[in-house]
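Numbering of ligands and ligand atoms starts at 1, following listing order.
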Amino acid sequence: MYYKTDPEFPPDFMWGASSAAWQVEGGVSEDGRTAAIIDLNSKKKKPFTDNSIAADHYHHYKEDVALMAECGFSSYRFSLAWPRIIPNKNGKVNPKGIEFYNNLIDELIAKNIKPIVTLYHYDMPVWADEEIGGWQDRKIIDAFEHYARVCFEAFGDRVKYWLSINEQNMQICYGSWLGVDKGCTNWEKEKWDINHIMNLCHAKAVNSCHELVEGGKIGPVPGYVPIYPESCKPEDQIAAMNAEELTEKMWNDLYVHGEYNGFIKRFWKENDIHPDIRPGDMELIKSAKIDFMALNCYRSNVAKDCKPDSDFLELKLNQDGVKGQFVYPKYPGFYQLTANPYVETTDWDWEIDPTAMRYMLRYIWDHYQIPIMITENGYGAHETISEDGKVHDAKRIEFLRDQIYQVGMAIMDGCEVISYNPWSFTDLLSTGNGMAKRYGLIYVNTTDKEVLDLRRVKKDSFYWYSRLIKSNGSDWGR
Ligand code: BG6
């Protein structure tokens with residue numbers, strides 16, 4: 001529907017931004033934190049820097065929270081580092097880890113900023129991987145539950161919004177990118193066991209949150225990429241639905257309905273895949289009732305028909321930030337992804353598609369009718385400080401304006417959206433492109449080649465977003 005007026009946001013709408021521990025904190029060996037698998041993974045992404053220092057939020061958190069308050073935030077979505085809280089297999093809690101997050105949370109609360117906290121954003125402790133078997137061994141379920149309960153007990157008096165596992169679907173779809181496939185010999189089959197174990201961890205976290213946090217709400221964080229059919233050819237529509245099922249819908253159905261859907265069960269049967277689902281597992285999954293869906297959305301995809309006798313083609317992300325390197329994957333018998341001629345792209349070939357935001361919100365609301373928050377959305381770009389000492393990120397302003405406008409349109413369409421948190425507040429480490437791909441509203445002065453003074457510089461987008469927030473989504477700065 002086209003509306004006669006600009007969108008309106010609910011009076012209690014939460015405006016903020018987003019980060020993840022391993023990408024923002026640094027301080028990886030400080031105060032008892034032990035290594036995470038993602039630390040090792042980040043060292044493989046040369047020539048980019050690793051996560052040892054990142055934005056050094058560990059030492060700058062007070063300054064960062066003060067900047068959030070200046071911007072007018074009412075929420076901040078961040079994650080806890082498991083190996084900072086439980087550094088060893090013995091399960092003992094690291095008081096220094098608790099202290100750091102207590103300080104951060106207290107600082108936020110003092111500034112009226114609601115913490116939205118992710119339990120797991122890729123930092124599997126090395127001890128859990130090496131001594132327990134990581135996601136491949138069911139022993140991880142108890143270890144994860146213990147960690148989650150420690151977090152709920154330590155922070156649940158002040159943190160009421162919790163997120164279980166970040167982008168479980170993307171971790172399974174693109175296992176090697178984040179190192180989740182470490183040690184696997186037959187990923188295409190083993191990933192479904194890992195996925196099932198993650199589902200059990202998610203379910204334990206949901207139930208523990210409801211048991212331990214008074215008034216606590218918890219949801220999963222799927223990565224969502226709307227998928228359009230390439231044409232009105234009926235086979236393209238089915239291909240788009242196949243892609244939707246295999247990259248996102250089967251996870252969302254399970255989170256909401258507590259069951260593996262018929263499509264995925266049939267897919268497993270066709271491919272002789274038998275995930276290790278044990279008695280009691282599905283009852284546990286079904287008992288975990290989520291309170292909302294948190295969604296990460298950056299871009300959209302296009303799918304077309306792909307005959308079973310086609311050749312398999314693996315997805316190849318653009319790692320250099322020079323347009324034209326993205327290789328769209330082909331899954332014979334299911335779908336082939338392809339470029340969208342109707343939208344522009346970033347330097348990393350990510351589609352810039354604000355309408356995808358409205359599509360996603362409509363799709364999720366239509367299917368599941370539960371409240372939704374946006375926990376990631378953003379524009380990654382090469383950036384430097386200009387000669388005038390400022391950072392002029394007009395493209396990011398345009399990106400955010402168009403995306404947030406579509407959030408507003410979806411609210412007008414009837415979707416219940418409660419919060420918007422773009423990626424990211426400060427610049428931070430990209431999953432594969434170090435500090436070269438910047439997302440922040442705040443510039444952090446450091447590079448992949450050398451660590452600089454790490455000073456914070458407010459980008460033009462900071463000022464634009466601040467005006468929008470302070471007008472509760474009515475000053476679009478046009
Ligand atoms: C999301 C992840 O999928 O995408 C973040 O949750 C990540 O951790 C973000 O940083 C952007 O991706 P990238 O590869 O540009 O850092």
Side-chain angles (χ1 to χ4, degrees), residues 17-25 36-39 41-42 44-45 48-51 54-55 57 76-82 116-124 163-180 198 219-226 247-248 251 293-301 315-323 325-326 345-352 356-357 360 373-383 395-396 399-400 403 421-441 444 448:
S18 189
S19 74
W22 72 278
Q23 292 172 274
V24 75
E25 283 177 5
I37 293 297
I38 199 77
D39 303 353
N41 197 56
S42 84
K44 293 185 191 153
K45 311 277 177 176
F48 305 109
T49 186
D50 61 26
N51 68 327
H57 177 66
Y76 174 49
R77 183 269 185 149
F78 63 97
S79 75
L80 307 173
W82 185 353
I116 300 173
V117 176
T118 320
L119 287 169
Y120 186 82
H121 197 127
Y122 311 157
D123 14 28
M124 167 74 67
L163 312 172
S164 56
I165 296 178
N166 186 70
E167 296 198 3
Q168 181 184 334
N169 59 327
M170 295 301 174
Q171 294 185 63
I172 297 301
C173 291
Y174 308 113
S176 65
W177 182 243
L178 298 162
V180 187
M198 285 183 173
V221 198
Y224 195 92
V225 184
T247 59
E248 36 216 13
W251 283 271
M293 193 84 98
L295 298 170
N296 297 347
C297 177
Y298 291 82
R299 42 182 287 262
S300 57
N301 262 330
L315 167 91
K316 194 170 159 287
L317 292 171
N318 170 345
Q319 293 198 48
D320 298 332
V322 179
K323 283 191 193 205
Q325 297 179 36
F326 201 93
T345 55
T346 69
D347 287 345
W348 280 266
D349 298 320
W350 288 26
E351 292 78 2
I352 301 173
M357 175 60 80
M360 170 185 77
M373 60 169 78
I374 305 296
T375 37
E376 288 182 39
N377 170 237
Y379 180 74
H382 298 285
E383 275 162 348
K395 280 267 185 197
R396 179 169 298 102
F399 179 96
L400 293 174
Q403 298 272 337
N421 302 276
W423 188 263
S424 49
F425 183 55
T426 60
D427 287 339
L428 40 67
L429 194 83
S430 146
T431 56
N433 306 100
M435 298 303 295
K437 191 182 189 186
R438 293 174 184 267
Y439 281 94
L441 301 164
V444 174
D448 286 310

### Query
Looking only at side chains, do S19 and R77 share a donor and an acceptor under 3.5 Å apart?
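Absent: no donor and acceptor within the cut-off.
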### Query
Can you tell me if T375 and N296 form a side-chain donor-acceptor pair at under 3.5 Å?
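The criterion, which ignores hydrogens and geometry beyond distance, is satisfied for N296 and T375.
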### Message
Over 60° means perpendicular and under 30° means parallel, so tell me whether Y122 and Y120 are parallel, tilted or perpendicular.
### Response
perpendicular
### Task
Going by the salt bridge (Lys or Arg N to Asp or Glu O under 4.0 Å) test, name the single residue among R438, K395, K437, R396 that passes it with E383.
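Running salt bridge (Lys or Arg N to Asp or Glu O under 4.0 Å) over R438, K395, K437, R396 with E383 returns exactly one hit, R396.
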### Query
Is it true that the NZ or CZ of K323 lies under 6.0 Å from the centre of W348's six-membered ring and within 45 degrees of the ring axis?
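Relative to the ring axis of W348, which defines the angle, K323 lies outside at least one limit.
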### Per-ligand residue contacts, ligand 1, heavy-atom threshold under 4.0 Å
Q23, H121, Y122, N166, E167, N296, Y298, W350, E376, W423, S430, T431, K437, Y439
### Message
Has N318 got a side-chain atom pairing as donor or acceptor with D347's backbone, closer than 3.5 angstrom?
### Response
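Checked: pair present.
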